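Keep in mind that this is a model prediction, so the values were computed, not measured. Counting begins at 1 with the first residue of the sequence.
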Amino acid sequence: LPGQRERVVHDVVHPVDRALDRMDDIMDDTLTLARQGETVDECEPVDISVVIANCLDVIDSEDATFTVEDECRIMADPDRLAHVFENLFRNAVDHGGPDVTVTVGRTDDGLYVADTGPGVPPEDRDTIFDSGYTTREEGTGFGLAIVAETVAAHGWKIQVTESETGGARFEILGVETVA
């Protein structure tokens with residue numbers, strides 16, 4: 001049918017093209033981080049809701065539910081902050097299943113990302129941020145290592161605890177909020 005092929009090609013190719021562009025950005029940023037050391041030099045006010053919305057366009061999360069409990073702006077490098085949220089969201093979907101619920105909110109000293117998945121066993125909480133740590137056969141073990149490195153580059157700290165529903169709760173501490 002006339003026009004059908006173009007629509008199908010656009011529907012399939014456009015998301016792939018966006019994902020490839022994002023992967024290229026991530027590789028560039030990671031190389032930049034490695035070349036420039038561990039510190040993020042330029043931060044700007046970032047609306048976390050906007051960053052989260054952009055992240056959801058990149059990850060496969062059709063049936064997952066994402067909620068931002070506390071709207072806020074923080075001082076961060078927006079691209080590197082996106083890496084943090086993308087990896088935490090992807091991790092929640094990978095381990096919590098396609099219908100997982102992920103909530104982002106504020107703490108007294110930062111932000112949290114909590115999910116309704118199976119959680120992280122207490123004996124693994126000290127090692128999940130190590131490069132190469134994975135519980136999945138097809139996993140690379142780089143996602144949470146990148147999160148920890150990026151968080152540290154901002155001068156923040158990250159820890160994992162249990163969410164109210166027994167899932168994982170990642171707390172990012174030392175985050176500066178702005179009006």
Subject >> SG-CG distance between Cys55 and Leu81, expressed to the nearest 0.5 angstrom >> reply: 7.5 Å
**OP:** For Asn91 and Asn87, indicate whether the former's side chain and the latter's backbone hold a donor-acceptor pair under 3.5 Å.
**Re:** no
Original post:
If you look at every heavy atom in Val93 and Ala64, which pair is closest and at what distance?
Top reply: CG2-CB, 4.1 Å
Original post:
CZ of Phe66 to CD1 of Ile52: how many Å apart, nearest 0.5 Å?
Top reply: 9.5 Å
Original post:
About how many Å separate CD of Glu149 and NE2 of His154, when rounded to the nearest 0.5 Å?
Top reply: 12.5 Å
Counting only pairs under 3.5 Å, give me each side-chain donor-acceptor contact of residues 96-107, with atom names and distances, residues two or more places apart or in other chains.
| from | atom 1 | to | atom 2 | distance (Å) |
| --- | --- | --- | --- | --- |
| Thr107 | OG1 | Asp109 | N | 3.2 |
| Thr107 | OG1 | Gly110 | N | 2.9 |
| Thr107 | OG1 | Gly110 | O | 3.4 |

**OP:** Output yes when a side-chain donor or acceptor of Arg169 lies under 3.5 Å from a complementary backbone atom of Val113, and no otherwise.
**Re:** no
Subject >> side-chain hydrogen bond (donor to acceptor under 3.5 Å, both in side chains) contacts in which one or both residues fall within residues 156-168, not counting sequence neighbours >> reply: Gln159-Glu171, Ser163-Thr165
Subject >> Separation between CG of Leu144 and CG of Leu88, rounded to the nearest 0.5 Å >> reply: 6.5 Å
Original post:
How close do Val68 and Ile48 get, heavy atom to heavy atom, and via which atoms?
Top reply: CG1-CD1, 4.3 Å
Subject >> Derivation and outcome, side-chain contact (heavy atoms from CB on, under 4.5 Å), residues Thr67 and Thr65 >> reply: CA-CA 7 Å; Thr67 304; Thr65 303; 4.1 Å; yes
**OP:** Would you confirm whether His95, through its side chain, and Gly117, through its main-chain N or O, come within 3.5 Å as a donor-acceptor pair?
**Re:** no
Subject >> Side-chain touch Asp77/Glu44, heavy atoms, less than 4.5 angstrom >> reply: no
Subject >> Spatial distance of atom SG (Cys43) from atom CD1 (Ile74) [nearest 0.5 Å] >> reply: 8.5 Å
Original post:
Going by the ring pair (Phe, Tyr, Trp, His ring centres under 6.0 Å) test, which pairs reach into residues 98-124, not counting sequence neighbours?
Top reply: none
